[in-house]
Amino acid sequence: MLVKEKKERKYELPELQDVDGKVVMRIAPGPSGPLHIGHTRVSVLNDEYVKRYGGDLVLRFEDTNPEKIDPDAYDMIPEDLDWLGVRCNRTYIQSDRFEMYYDCTRKLLEMGKAYVCTCDADHWRNLKEQRQACPCHDLPVEEQLDRYDRFLAGEYEEGKAVVVVKTDLNHPNPAVRDFVALRLVSHPHPRTGDRYVAYPMMNLSVAIDDHEMGMTHVIRGKDHLNNTLRQEYVFDYFGWKKPVYYHYGLVNIPDTVLKTSLIKQSIRDGEYTGWDDVRTGTVRAMERRGIRPEAIRRYWVEAGMKAVDIQFSWENLFGMNRDIIDDASNRYFFVHDPVRYDIDGVDVIEGSAPKHPDHPERGSRVYRLEDPRTVFLSGEDSKAFAEAKSVRLKDLCNIDYALPARYAGNDVSVLKHGVRAVQWVGRDSVEAELLMPDGAVWKGLAEKDLASEAADMVQLERVGFARIEGREPGKVSMVFAHR
RNA sequence: GCUCCUGUAGUGUAGCGGCCAAUCAUGAAGCCCUCUCGAGGCUUCGACUCGGGUUCAAAUCCCGACGGGAGCACCA
């Protein structure tokens, strides 16, 4: 066997700026559900850099909005990361750290860099729009602190007061003028119950945590650009050293349901079977479909960290996955929507096919058909057979159309004259189901050797790659990956 | 409306003043090989958004227009 030397360009992420020894980076999801393909970019990029430079990769659950938490996500997200090969060596949960956020906020109030605002939210926003301070903005520190004590004690109703971090009301960018740091929420938190009523907003908690956890570099989506600007005010007020920020472009993932709230609703409605429903874009669905984590990793490394908005291409991802799985995937016949043909004109038909054309050492599927010589073709191939009047049963023999069909020798060269070779199964086949990406289930038959295949990825010849999901006596269920 | 980010083939990417009649991957088309519509081999298709400027020289720098995207939440 020849060793193929394929020349290909090395895909490498650019060096990070200002790396001084080890790096500390983070993945900071909100625990609203499991990870989806969109989350894998930030996960892979951070992981790649921490592996390159050494250091810590932090997993931080940003669960500061009690209304958007799915308690299962605290377990599902680490599982998803683990499958992706992303190794986080420190884990934090923000709902464990409320007291610290409160302390920092108190210091900001003492420094005069924050205020407790009791204005109407719309009014406050309008004033900001016009670069004007609300009456609470310039109240004396003593009064701010007094309000703050009452704020934390729950003496204000939800929505009646917030703590605001001052930035610059004259800032030309309206998005960075004074931002809310703490709000009141009466909805119980899955982890802390009703112990707290004051909930930090992400710009506060992220700034504090990024400093406290020692982040050296932060990679995030471009949608956080303005949040970075806001968070930098907090760093500056405390005199903290800022991490180096990178903002990659937005990813448009076509034809895929990603929104966790929608998926959750569809699961509840019974439309989707679960978080791993193949119609969704969750990491679980990728895993189930036989997409390898290495393919996802390669995809994002090649995409890099540019700030350009990009279109995600399933085709490209599938191409990369095919590269990875082709060599390991043994070949089998699967017949969708089977149509029966008996073959006349011969007593016994024998044939064989390698499990993998590039790996004869893996053995063969051996065929022997005796009276009655029965085969099944897919519904589609059956129609084509009726029209073409002849067909080759791959690795077995040729037949001519009739009822019953007529044996037509075993001359492979007919393929050169336009006869099609199709997959088929005999009477010793097993029931098989193939779950398609649109949720449809293709029922059919598979050759019996498939039932004893040890690996989980196979290629169903002329159909595509599939992952074996379940084996029962006499029945195999599979999930379609891609061609 | 204001502010910010960003524009290289269908998609993603390399190049970031001369080595660019622009890289690689994926895709598409064709051929070879293979008893698969897979893999492998070969060939082909296909891009610097536009207009000004700077310069001996611009995909590369500057300005403008146009296009794409985001933010202006008591979500993250």
Side-chain angles (χ1 to χ4, degrees), chain A residues 2 4 6-12 28-32 62-65 67-68 94 117 121-122 124-125 128-129 131 158-164 171-177 179-185 198-199 201-203 205-206 220-230 247-252 254 298-304 306-320 322-323 325-327 329 331 333 351-354 356-358 392-398 410-416 419-423 459-465 482-483:
Chain A
L2 287 170
K4 286 162 201 139
K6 225 173 98 183
K7 55 171 180 185
E8 56 184 43
R9 191 175 107 233
K10 263 261 196 298
Y11 282 90
E12 271 184 1
S32 57
E62 305 204 328
D63 57 346
T64 54
N65 180 359
E67 293 176 38
K68 276 196 187 168
Q94 288 191 320
C117 179
D122 289 332
W124 177 73
R125 261 196 302 269
K128 265 206 317 182
E129 193 67 35
R131 309 183 179 212
E158 180 173 319
K160 297 293 183 195
V162 287
V163 179
V164 176
H171 200 289
N173 185 347
V176 306
R177 295 177 201 153
F179 62 89
V180 176
L182 240 35
R183 62 170 179 156
L184 297 165
V185 181
Y199 284 82
M201 304 295 289
M202 65 102 91
N203 282 308
S205 52
V206 166
R220 50 187 2 191
K222 218 166 69 169
D223 49 328
H224 285 296
L225 229 24
N226 286 328
N227 289 322
T228 299
L229 295 176
R230 297 197 265 218
H247 300 90
Y248 60 77
L250 261 61
V251 186
N252 186 5
R298 183 179 149 200
Y299 190 96
W300 292 126
V301 168
E302 290 193 14
K306 296 207 308 187
V308 206
D309 299 339
I310 61 172
Q311 287 289 326
F312 183 82
S313 163
W314 287 106
E315 282 296 334
N316 285 15
L317 178 67
F318 293 158
M320 293 173 190
R322 199 180 292 120
D323 266 0
I325 63 175
D326 182 72
D327 192 71
S329 303
R331 272 56 170 167
F333 289 158
S352 78
H356 194 298
D358 302 333
R392 170 149 183 90
L393 303 177
K394 185 171 180 289
D395 305 307
L396 189 71
C397 69
N398 306 326
N410 192 20
D411 181 4
V412 180
S413 70
V414 297
L415 295 176
K416 299 212 186 289
V419 175
R420 297 222 297 176
V422 302
Q423 78 279 22
Q459 191 208 54
L460 304 173
E461 292 196 41
R462 301 211 316 133
V463 176
F465 291 90
H482 48 75
R483 299 216 79 147

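These numbers come from the heavy atoms of this one structure, side chains and all, not from hydrogens, waters or symmetry mates. Worth saying up front: this structure is predicted, and the values here are computed from it rather than measured. First the proteins, then the strands, lettered A, B, ... as listed; each starts at 1.
Rounded to whole Å, atom P of A9(B) lies 14 Å from atom CG of N316(A). Put simply, CZ on R177(A) is 12 Å from P on C4(B), counting in whole angstrom units. We find that CD of E302(A) is positioned 10 Å from P of U13(B), with the value rounded to whole Å. The distance between atom CG of D323(A) and atom C1' of A25(B), rounded to the nearest whole Å, is 10 Å. Regarding N227(A), its CG atom lies at a distance of 12 Å from the C1' atom of C4(B), rounded to whole Å. Remark: C1' of U26(B) and CH2 of W300(A) are 14 Å apart, rounded to the nearest angstrom. Regarding K306(A), its NZ atom lies at a distance of 13 Å from the P atom of C16(B), rounded to whole Å. Taking atom OH on Y199(A) and atom P on C75(B), their separation rounds to 12 Å, with Å as the unit.
By the 4.5 Å heavy-atom criterion applied to side chains, V164(A) and K128(A) are not counted as neighbours. Residues R392(A) and V412(A) are in side-chain contact: their nearest non-hydrogen atoms beyond the backbone lie under 4.5 Å apart. The shortest distance between side-chain heavy atoms of L250(A) and D223(A) falls below 4.5 Å. In this structure, the side chains of R220(A) and T228(A) come closer than 4.5 Å at one or more pairs of heavy atoms. Put simply, the side chain of F333(A) reaches to within 4.5 Å of the side chain of D395(A), judged on heavy atoms.
R131(A) comes within 4.0 angstrom of no nucleic acid atom, judged by non-hydrogen atoms across all strands. Among the protein residues, G249(A) comes within range of no part of the nucleic acid, since none of its heavy atoms lies under 4.0 Å from any strand. Base engagement by V162(A) is indicated by at least one non-hydrogen atom pair under 4.0 Å involving a base atom. Within the 4.0 angstrom heavy-atom criterion, no nucleotide atom of any strand lies near S32(A). At the heavy-atom level, F465(A) lies under 4.0 Å from the strands shown only through sugar-phosphate atoms. No engagement by M320(A) is indicated, since no non-hydrogen atom pair under 4.0 Å with the nucleic acid exists.
Among all heavy-atom pairs drawn from E62(A) and V206(A), the shortest one is OE2-CG2, 3.3 Å. Between R483(A) and R322(A), the shortest heavy-atom contact is O-NE, 2.7 Å.
G40(B) and U49(B) have their P atoms separated by 32 Å, given to the nearest Å. C50(B) and A58(B) have their C1' atoms separated by 15 Å, given to the nearest Å. Comparing the P positions of G18(B) and A28(B) gives a spacing of 35 Å, expressed to the nearest Å. Comparing U13(B) with A22(B), their C1' atoms are spaced 13 Å from each other, to the whole Å. When the P atom is compared between U6(B) and U43(B), the two are found 38 Å apart, to the nearest whole Å. Taking the C1' atoms as reference points, G17(B) lies 13 Å from C62(B), given to the whole Å. Separation of the P atoms belonging to G27(B) and A39(B) is 7 Å when rounded to the nearest angstrom. U8(B) sits 10 Å from C48(B) when the P atoms are compared, rounded to a whole Å.
With sequence neighbours left out, the salt bridge (Lys or Arg N to Asp or Glu O under 4.0 Å) criterion links R131(A) to no other residue. Taking F312(A) as the reference, Y299(A), W300(A), W314(A) meet the ring-ring contact (aromatic ring centres under 6.0 Å, His included) condition, with sequence neighbours excluded. Shown here are the side-chain contact (heavy atoms from CB on, under 4.5 Å) partners of L225(A), two or more places apart in sequence or in another chain: K222(A), H247(A).
Annotation: of the two residues near RNA chain B, P172(A) and A121(A), the 5′-most nearest-nucleotide partner is P172(A). Checking A303(A) against A28(A), the closest nucleotide of RNA chain B that is more toward the 5' end is the one next to A303(A).
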Given Watson-Crick and G-U pairs under 3.5 Å, RNA chain B in dot-bracket ([ ] crossing, | other strand) is (((((((..(((.....[.....)))((((((.......))))))...(((((..]....))))))))))))....
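The I310(A) side chain lies nearest to G12(B) when the options are G40(B), G12(B), A76(B).
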Reading nucleotides 59-72 of chain B from 5' to 3' and marking B where a protein heavy atom lies under 4.0 Å of the base, S where only the sugar-phosphate is that close, and - otherwise, the string is ---------BSSBB
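A donor-acceptor contact shorter than 3.5 Å is absent between the side chain of N226(A) and the backbone of V176(A). A distance-only check finds a donor-acceptor pair linking the side chain of R230(A) to the backbone of A175(A) [under 3.5 Å].
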Quick test: give all pairs of protein nitrogen or oxygen and nucleotides 32-36 of chain B nitrogen or oxygen below 3.5 Å, distance rounded to 0.1 Å.
from   : atom 1 : to      : atom 2 : distance (Å)
C35(B) : O2'    : K394(A) : NZ     : 3.3
C35(B) : O2     : R392(A) : NE     : 2.7
C35(B) : O2     : R392(A) : NH2    : 3.4
C35(B) : O2     : D395(A) : N      : 3.0
C35(B) : N3     : R392(A) : NE     : 3.3
C35(B) : N3     : R392(A) : NH2    : 2.3
C35(B) : N3     : D395(A) : N      : 3.1
C35(B) : N4     : R392(A) : NH2    : 3.1
U36(B) : O2     : Q459(A) : OE1    : 3.4
U36(B) : O2     : R462(A) : N      : 3.3
U36(B) : N3     : Q459(A) : OE1    : 2.8
U36(B) : O4     : R331(A) : NE     : 2.7
U36(B) : O4     : R331(A) : NH2    : 3.0

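A salt bridge links D326(A) to R331(A): one of the charged nitrogens lies within less than 4.0 Å of a carboxylate oxygen.
Between S313(A) and G10(B), a side-chain N or O to OP1/OP2 separation shorter than 4.0 Å is absent. The side chain of R483(A) places no N or O atom within less than 4.0 Å of a non-bridging phosphate oxygen (OP1 or OP2) of A39(B).
Side-chain atoms of N65(A) and R183(A) include a donor-acceptor pair closer than 3.5 Å.
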